[in-house]
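Structure, as structure tokens:
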Protein chains: 2
Amino acid sequence: MKLSTKSRYGARLMLDMAQHYQDGPIHLANVAKRQGISAKYLEQIIIPLKKANYIRSVRGPKGGHALTRPPEEITVGEIVALLEDSASLVACSDNPGVCERSPVCPTRSIWQEAAQAMFDKLNTITLADLLHRGQSPAGKAQELRRVL
Amino acid sequence: MKLSTKSRYGARLMLDMAQHYQDGPIHLANVAKRQGISAKYLEQIIIPLKKANYIRSVRGPKGGHALTRPPEEITVGEIVALLEDSASLVACSDNPGVCERSPVCPTRSIWQEAAQAMFDKLNTITLADLLHRGQSPAGKAQELRRVL
DNA sequence: ATAATCTATATTAAATTTATATAGAATGGA
DNA sequence: TCCATTCTATATAAATTTAATATAGATTAT
């Protein structure tokens, strides 16, 4: 039931790009460095995000990647559903045929309800929200100390 | 992000036991047969449920397993948290030390909130609720036809 | 005794995850 | 034009986890 690194890294990738939304295309290598994630792995993670048109890319020197939409219009839920390949907790939610018991299974609906509750929450959180929340409370305290 | 078979089978095991709550200890082999799950695998899944005192067992002929509490007092959320080893979507929820970025990570809290939303839902569903819900709508229709 | 049932541990096969590696395509600028 | 830079595509591999199966043992009603 753990999230894959694709979702976790993908969310951080998208947030990093949101933080540089004003700067035009940014180098994936820089994201990788800032986030402490393998650049090669990020290159794989970015593929579905490009295919789903969250990101546009420019090749060559001075090239890079940029969000196609403002951070206000992209939710964490969309990113997770995309990178996990689905917004469901069990295969039979997307495809009842995988299990012959689907039509009479008393537990099937609860997994759907649980996934729904989870994505209802994640769908309310935009990249812009994360930008403004900033860090965790502990991080906020550090920032405050730095300012004072 | 998929649930493991341990949780899925474990929930069906517990529901099956709830359905036979009146019958005293039941044979795991019968649960396995009814549910179409490997008996040997169920024997492994039942171990944490016994350790957490959801189930008491009797050895020998006429032995078996029984719930220690009525189906009204056991939620699906408890079962999943137990069999998934945790109620979190990321390791840093249970142990911030696994990632040095935990104190300043802007994404960490959202995974906690998502897991919370999911378990808030699952914790409201008891085995008794599932008994009374019965099957899926399609299953209900079948049952109705059988009765008429 | 012995057959039935649960218990404990070890092993293994398959699938998935998490990368790394290699070669290629596009392009801005010298 | 050429070349360094950056993204793209595909292949490969190592590690981990999942999902079982296998074997031997413990308990107990009859």
Side-chain angles (χ1 to χ4, degrees), chain A residues 1-13 17 20 23-33 35-68 80 83-86 89-91 98-99, chain B residues 1-13 17 20 23-33 35-68 80 83-86 89-91 98-99:
Chain A
M1 202 203 41
K2 288 288 184 281
L3 251 42
S4 69
T5 55
K6 281 180 72 175
S7 288
R8 292 193 288 115
Y9 293 175
R12 285 164 58 193
L13 164 64
M17 297 191 65
H20 298 86
D23 308 354
I26 61 176
H27 300 182
L28 206 49
N30 288 339
V31 178
K33 188 178 288 183
Q35 297 294 328
I37 300 171
S38 150
K40 276 289 170 203
Y41 195 28
L42 276 185
E43 282 174 1
Q44 277 186 62
I45 291 171
I46 211 172
I47 292 172
L49 291 166
K50 282 171 51 64
K51 284 197 177 151
N53 205 40
Y54 286 106
I55 290 174
R56 65 182 171 78
S57 305
V58 182
R59 291 214 232 194
K62 301 287 175 184
H65 305 273
L67 296 181
T68 58
V80 172
L83 294 177
E84 295 286 328
D85 287 324
S86 161
L89 286 165
V90 289
V98 298
C99 176
Chain B
M1 201 202 42
K2 290 285 184 282
L3 249 43
S4 68
T5 55
K6 280 180 72 175
S7 288
R8 292 193 288 113
Y9 293 175
R12 285 164 58 194
L13 164 64
M17 296 191 66
H20 298 84
D23 307 355
I26 62 176
H27 300 182
L28 206 48
N30 287 341
V31 179
K33 188 178 288 183
Q35 297 294 328
I37 300 171
S38 149
K40 276 288 170 202
Y41 195 27
L42 276 185
E43 283 175 0
Q44 278 186 60
I45 291 171
I46 211 173
I47 292 173
L49 292 165
K50 283 171 50 65
K51 284 198 177 150
N53 205 40
Y54 286 105
I55 291 174
R56 65 182 171 79
S57 304
V58 181
R59 292 214 230 192
K62 302 288 177 182
H65 305 273
L67 297 181
T68 58
V80 173
L83 294 177
E84 295 287 328
D85 287 324
S86 161
L89 286 165
V90 289
V98 297
C99 176

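Chain identifiers are assigned alphabetically (A, B, ...) following the order of the sequence lines, protein sequences preceding nucleic acid strands; residue numbering begins at 1 within each chain. The analysis underlying the following values was restricted to heavy atoms, covering all of them including side chains, and did not include hydrogens, waters or symmetry mates.
For the pair A:Arg59 and B:Gln44, nearest-nucleotide mapping onto DNA chain D gives the more 5' position to A:Arg59.
Between the base of C:dT16 and the side chain of A:Lys6 there is no donor-acceptor pair shorter than 3.5 Å. With hydrogens and angles ignored, a donor-acceptor pair under 3.5 angstrom links the side chain of A:Lys40 to the base of C:dT22.
Regarding A:Arg8, its CZ atom lies at a distance of 9 Å from the P atom of C:dA19, rounded to whole Å. For the pair B:Lys51 NZ and C:dT7 P, the computed distance is 11 Å after rounding to whole Å. A straight line from CD1 of A:Ile47 to P of D:dC7 spans 13 Å, rounded to a whole angstrom. Between the CG atom of A:Asp85 and the P atom of C:dT16 there is a distance of 11 Å, given to the nearest Å. In this structure, the CG atom of B:Leu28 is 14 Å from the P atom of C:dA8, given to the nearest Å. If you take CD1 of B:Ile45 and P of D:dT21, they are 11 Å apart, rounded to a whole angstrom. Atom CD1 of B:Ile55 and atom P of C:dT5 are 17 Å apart (whole Å). Rounded to whole Å, the distance from CG on A:Asn30 to C1' on D:dC7 is 14 Å.
Checked by atom type, the side-chain pair A:Thr5/A:Tyr41 shows a donor-acceptor distance below 3.5 Å.
One distance of note links CD of A:Gln44 with NZ of A:Lys6; it measures 7.5 Å at 0.5 Å rounding. In this structure, CD1 in B:Ile46 is found 10.5 Å from CG in B:Leu83, a value given to the nearest 0.5 Å.
Closest approach to the B:Thr5 side chain among C:dA3, D:dA4, D:dA19 is made by D:dA19 (side chain taken as heavy atoms from C-beta onward). Closest approach to the A:Tyr9 side chain among D:dA20, C:dT7, C:dA19 is made by C:dA19 (side chain taken as heavy atoms from C-beta onward). Listed nucleotides D:dT8, C:dG29, C:dT20 differ in distance to A:Lys62; the shortest reach to its side chain belongs to C:dG29. For B:Ser4, taking side-chain heavy atoms from C-beta onward, the closest of the listed nucleotides C:dT20, D:dA19, D:dC7 is D:dA19.
Proximity of B:Ser4 to A:Met1: side-chain heavy atoms (C-beta onward) are nowhere separated by under 4.5 Å. In this structure the side chain of B:Arg56 never reaches within 4.5 angstrom of the side chain of B:Lys50, judged on heavy atoms.
Heavy atoms of B:Ile26 sit under 4.0 angstrom from primed sugar atoms or phosphate atoms, though from no base atom. B:Leu3 comes within 4.0 angstrom of nothing in the nucleic acid, heavy atoms only. Residue-level contact check: A:Ile46 touches neither bases nor backbone, having no heavy atom under 4.0 Å from any strand. Backbone-only contact: A:Lys50 has heavy atoms under 4.0 Å from sugar-phosphate atoms and none from a base.
Of the side-chain N and O atoms in B:His65, one or more sit less than 4.0 angstrom from OP1 or OP2 of C:dC6. Residue A:Ser57 places no side-chain N or O under 4.0 Å from the OP1 or OP2 atom of D:dT6.
Residue B:Ser86 comes nearest to A:Lys2 through the heavy atom pair OG-NZ, 3.7 Å, listed as atom of the first residue, atom of the second, then distance.
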